[in-house]
Amino acid sequence: MVRGEWTYAGTELAWLQERLDESDGGQEHVVSELVPVGFEAYVRVFHRFEATDGSGRTRTWQVMADDHGISFHAELSHLSLPNECRIPGELLWQTEEGALDDRSRRALARLLEAVTGDQAVYFAYDLAALCRGAEEPLVYCSSMAGLESVREGTEETVGDSGPEFWWPQDRRWVVTTDYDLLSTYIGCSAATAELILGDDELEALPVTPRTRVDWYADRQQPRP
């Protein structure tokens, strides 16, 4: 969750960055560092795990947790789930940092398109762009239906990540897929949150602006 080392002034990202809480510089990070404060509700969408055998099979975090007797909760870290790649003969399941899995991304886009209508929607790449040598954040104005076209058009520039931020012109919701994290966080209305939480294609839990999002959220932090 490192902020881009550039100026947001004059970019479409300026308003959003101004409303994010600053990190205290430690290892603990919270939702309000990713999504602006002031929304009625906040939601965490978990990126599905995919089998590395090329079968396309996926598993949810809850299934992974239940299989090993681990509590499924809003601050669950992937580090609390078994690292199956270390077990000889076991199938490895992996999930992506900085990118919603295809199934979840398309489901979320359909849902948000229904509540947003045909107004303009902005898609932004921040840290992903910085890491690839861009001179300023990359922000694209399209529609909710244009998400996949934006991703295809930026693949050579930023790879398969992001977008890191999505929001409609009226700013009724914000989606943040941080470049370093394995879940996506959303600020929105209570009604939209209810739709997200009730969608069978999405694995989601309610969170608050103070919910921790870092890799050690429910684990003991390593010593410096």
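Excluded from the calculations below are hydrogen atoms, water molecules and symmetry mates; all remaining heavy atoms, backbone and side chain alike, are included.
Environment of CG in D118: sparse, with no more than 12 heavy atoms of neighbouring residues, nucleotides or ligands closer than 6.0 Å.
The two residues R151 and D160 make their nearest non-hydrogen contact at NH2-OD1, 2.6 Å. Here the shortest heavy-atom pairing between R210 and D21 reads NH1-OD2, 3.9 Å.
Counting only distance, with no hydrogens or angles, the side chain of E164 and the backbone of D126 share a donor-acceptor pair below 3.5 Å. Formation of a donor-acceptor pair under 3.5 Å by the Q62 side chain with backbone atoms of F72 is not found in this model. D214 places a side-chain N or O within donor-acceptor distance of the main-chain N or O of H29, the cut-off being under 3.5 Å. With E113 contributing its side chain and M144 its backbone, the two residues share no donor-acceptor pair below 3.5 Å. When atom types are taken as modelled, the side chain of T58 and the backbone of R48 share no donor-acceptor pair closer than 3.5 angstrom. When atom types are taken as modelled, the side chain of Q119 and the backbone of P168 share no donor-acceptor pair closer than 3.5 angstrom. No side-chain donor-acceptor contact under 3.5 Å links Q17 to the backbone of Y8.
Taking the side-chain contact (heavy atoms from CB on, under 4.5 Å) definition, one finds that S189 meets it with E40, A191, T192, sequence neighbours left out. Residues that satisfy the ring-ring contact (aromatic ring centres under 6.0 Å, His included) test with W173, not counting sequence neighbours, are absent from this structure.
Comment: D170 engages R172 in a salt bridge, judged by a side-chain N to carboxylate O separation of less than 4.0 angstrom. Salt-bridge check for E75 with R44: failed, with every basic side-chain N at 4.0 Å or more from each acidic carboxylate O.
T211 and Y42 share no donor-acceptor pair across their side chains, judged by distance under 3.5 Å alone. In summary, the side chains of H47 and T184 do present a donor paired with an acceptor at a separation below 3.5 Å, with no hydrogens or angles considered.
At least one side-chain heavy atom of T116 sits less than 4.5 Å from a side-chain heavy atom of V121.
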Could you walk me through whether R106 and R110 pass side chain to side chain contact (heavy atoms under 4.5 Å, CB included), step by step?
CA-CA 6 Å; R106 292 191 171 101; R110 286 195 300 270; 3.9 Å; yes
